[in-house]
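These notes concern the structure reproduced below.
The figures that follow rest on heavy atoms only: side chains count, while hydrogens, waters and symmetry mates do not.
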Amino acid sequence: MSASAGRRRAGLLIPLFSCASTKSWGIGDIGDVEPVTAWLAAAGLRVLQLLPLNEMAPGQQSPYSAISAMAIDPIFIRVPGVPEFEALGGEAALAPADRAALADVRRARDVQYHAIRRLKLAALRASFDRFLDAEWRRDTERGRALRAYASEQAWWIEDYSLFRALHTRERERPWTEWAIDLQRREPAAIDRARRELADEVVFHQYLQWIAGTQWKQARERTHGVELFGDLPFMVDGDSADVWSRQHQFRLDVSVGAPPDAFSATGQDWGMPLYAWDVMAREHYLWLRERARRSADLFDGYRIDHLVGFYRTYGKSRSGGEGFFTPPDEPSQIAQGERLMDLFRSAGAEIIAEDLGIVPDSVRASLARIGLPGYRVFRWERHWHTPGQPFRDPVGYPAVSVAASGTHDTEPLITWWETAPADERRKVAQLPSIQRLAGGVDLTTIATTATVRDVLVEALFASGSSLLLLPIQDAFGWRDRVNEPATVSDTNWTFRLPWPVDRLDEQPEAQERKARLCEWTTRYRRHG
């Protein structure tokens with residue numbers, strides 16, 4: 001049984017990149033956690049669910065395309081909070097062209113990744129140059145603080161910082177295109193690279209030190225709201241983790257997902273397959289390290305693509321049919337439960353993203369070990385009953401996560417408006433929906449806000465101990481975070497319509513805060 005099963009809580013899923021404030025540079029940053037959690041706490045909410053904060057691969061904007069499973073993406077650093085940046089004169093000292101570009105990204109409706117990265121990298125490079133001269137080379141207290149951080153985090157940051165330094169020198173070419181001795185990590189080549197790139201290695205450690213320090217401060221200012229992260233199932237093949245652990249991955253196989261509701265042909269994520277037999281022999285050390293890092297950063301986290309840890313779907317890069325590994329059900333269940341115990345043992349709360357095609361044996365395993373899986377309203381139906389009626393949320397099990405959708409789905413109100421009439425009628429017939437609609441047929445209600453509130457309140461009333469709503473669904477917005485199986489400039493760029501440090505000035509946000517607080521009280525979701 002999950003230790004949190006008796007705690008009824010509600011929270012919102014809000015990507016950090018969506019939470020820009022008047023102080024941040026066109027993208028939500030670590031400093032924006034405080035105003036966001038202040039608003040959530042005032043609304044009676046107890047959890048902020050974030051998407052992965054891992055450093056994204058160069059040129060990417062998907063948080064699930066990571067160049068490191070451990071590093072925080074420097075794009076989330078609050079630049080005005082960096083002492084060296086302020087010592088250089090802060091924003092006022094930026095070149096006129098950069099000040100104009102900063103104004104543009106702040107005004108933009110969505111996240112302008114390329115421009116923001118350019119601005120932040122230039123500012124952080126200048127800050128580091130000052131740090132190198134004024135602190136590092138003089139061995140000041142601040143310089144020693146970075147050395148202590150690098151020593152404490154050596155278990156991941158040594159390989160990561162060298163990889164990033166090499167990646168920069170190689171003009172962001174993948175490591176599979178580097179010199180053979182560096183690909184193979186031959187000791188002489190590694191030692192030579194560390195000497196030649198010493199300052200660049202320290203630069204990447206500096207960025208992680210700044211990010212880690214800011215994150216620690218943010219966690220101390222969450223107003224009692226728990227921060228939940230998201231542990232991606234895989235990392236990119238061109239990552240520090242794969243480069244430094246090549247024997248633990250099958251580079252000749254690409255991981256994906258079998259055909260499902262999102263893709264009739266399945267998904268190919270282009271990432272290498274875990275060599276599960278090798279990992280088992282090494283006692284899953286890297287996954288233990290990932291669990292440790294996640295527990296260091298978050299109160300809890302969502303395990304992305306949970307079923308992949310039980311059985312991974314892969315296809316040979318040379319062609320052929322897809323396959324699962326481990327190949328048989330007993331081995332799959334044994335491995336999955338071993339890994340779930342491993343993740344839990346690090347100390348953070350975990351929840352399981354068990355959506356898509358998930359074998360009954362895996363769902364039975366989750367129930368047996370008391371690990372909460374998702375109950376996404378639109379997909380919760382009695383699939384083997386004639387007519388396939390929807391499940392009433394009041395009947396969801398306590399050890400589960402009720403949700404209106406995910407970062408991959410269209411918003412709730414869009415789903416309702418585009419769902420077949422038969423589906424909407426079946427939803428309207430649910431006892432809890434009829435009660436909350438005051439006996440009126442929900443399909444006849446033309447007011448979008450009323451429909452939104454009936455559907456959302458039904459989830460607050462659900463039996464699930466934890467409720468997580470994408471913020472779009474709490475407000476009834478139609479903005480989408482991501483459309484799976486597509487590559488688009490609009491994916492992962494959603495920004496809230498107002499700065500998060502001015503939410504209390506917005507009548508719509510004030511109204512939503514009051515209503516959410518009313519529901520958390522009525523349905524005893526105070527955690």
Side-chain angles (χ1 to χ4, degrees), residues 1-2 5 256-267 302-313 322 324 326-334 336-337 340 351-406 408-410 412 415-416 418-437 441-443 454-455 458-459 461-468 484-485:
M1 180 65 68
S2 168
D260 60 15
F262 285 128
S263 173
T265 58
Q267 299 180 46
R302 165 188 179 270
I303 296 181
D304 172 56
H305 192 57
L306 175 281
V307 69
F309 288 105
Y310 281 76
R311 63 175 201 182
T312 310
Y313 183 78
F324 286 107
D328 61 273
E329 185 175 294
S331 298
Q332 293 166 4
I333 298 303
E337 293 188 2
M340 293 310 105
I351 57 178
E353 187 273 287
D354 58 341
L355 306 175
I357 296 178
V358 177
D360 291 341
S361 60
V362 172
R363 295 201 188 282
S365 169
L366 295 182
R368 185 167 56 252
I369 64 179
L371 180 57
Y374 271 67
R375 298 292 183 272
V376 179
F377 178 72
R378 69 190 73 180
W379 298 325
E380 282 298 307
R381 302 176 70 168
H382 296 281
W383 293 106
H384 302 300
T385 299
Q388 299 179 331
F390 283 80
R391 296 181 187 274
D392 195 315
V394 297
Y396 292 174
V399 184
S400 69
V401 181
S404 55
T406 74
D408 280 333
T409 62
E410 72 269 43
L412 181 66
W415 167 75
W416 174 259
T418 58
D422 178 60
E423 283 192 17
R424 294 200 303 273
R425 185 173 63 254
K426 288 172 180 173
V427 169
Q429 291 170 348
L430 292 172
S432 65
I433 296 293
Q434 291 181 336
R435 176 178 60 82
L436 294 171
D441 183 347
L442 194 66
T443 63
V454 168
L455 295 175
L459 290 171
S462 72
S464 302
S465 290
L466 179 59
L467 166 63
L468 291 176

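The salt bridge (Lys or Arg N to Asp or Glu O under 4.0 Å) search around Arg311 returns none, not counting sequence neighbours. Asp392 is linked by a salt bridge (Lys or Arg N to Asp or Glu O under 4.0 Å) to nothing, counting only residues two or more places apart in sequence or in another chain. Residues that satisfy the side chain to side chain donor-acceptor pair (under 3.5 Å) test with Asp360, not counting sequence neighbours, are absent from this structure. Residues satisfying the side-chain contact (heavy atoms from CB on, under 4.5 Å) test with Ser331, not counting sequence neighbours, are Pro326, Asp328. With sequence neighbours excluded, no residue satisfies side-chain contact (heavy atoms from CB on, under 4.5 Å) with Gln434. Listed by chain and number, the residues in a salt bridge (Lys or Arg N to Asp or Glu O under 4.0 Å) with Arg435 amount to none (sequence neighbours excluded). By the side chain to side chain donor-acceptor pair (under 3.5 Å) test, Ser365 is found to be paired with Tyr310, Glu337, residues two or more places apart in sequence or in another chain being considered. Applying the ring pair (Phe, Tyr, Trp, His ring centres under 6.0 Å) rule to Phe390 yields the partners Phe377; only residues at least two apart in sequence or on another chain are considered. For Tyr396, there are no ring pair (Phe, Tyr, Trp, His ring centres under 6.0 Å) partners, not counting sequence neighbours. In this structure, the side-chain contact (heavy atoms from CB on, under 4.5 Å) partners of Ala334, at least two apart in sequence or on a different chain, are Arg338. A search for salt bridge (Lys or Arg N to Asp or Glu O under 4.0 Å) contacts involving Glu410 returns Arg378, not counting sequence neighbours.
Contact detail for Ala352 and Leu306: the closest heavy-atom pair is CB-CG, 3.6 Å.
Between Arg424 and Asp422 there is no salt bridge, since no side-chain nitrogen of the basic residue lies less than 4.0 Å from a carboxylate oxygen of the acidic one.
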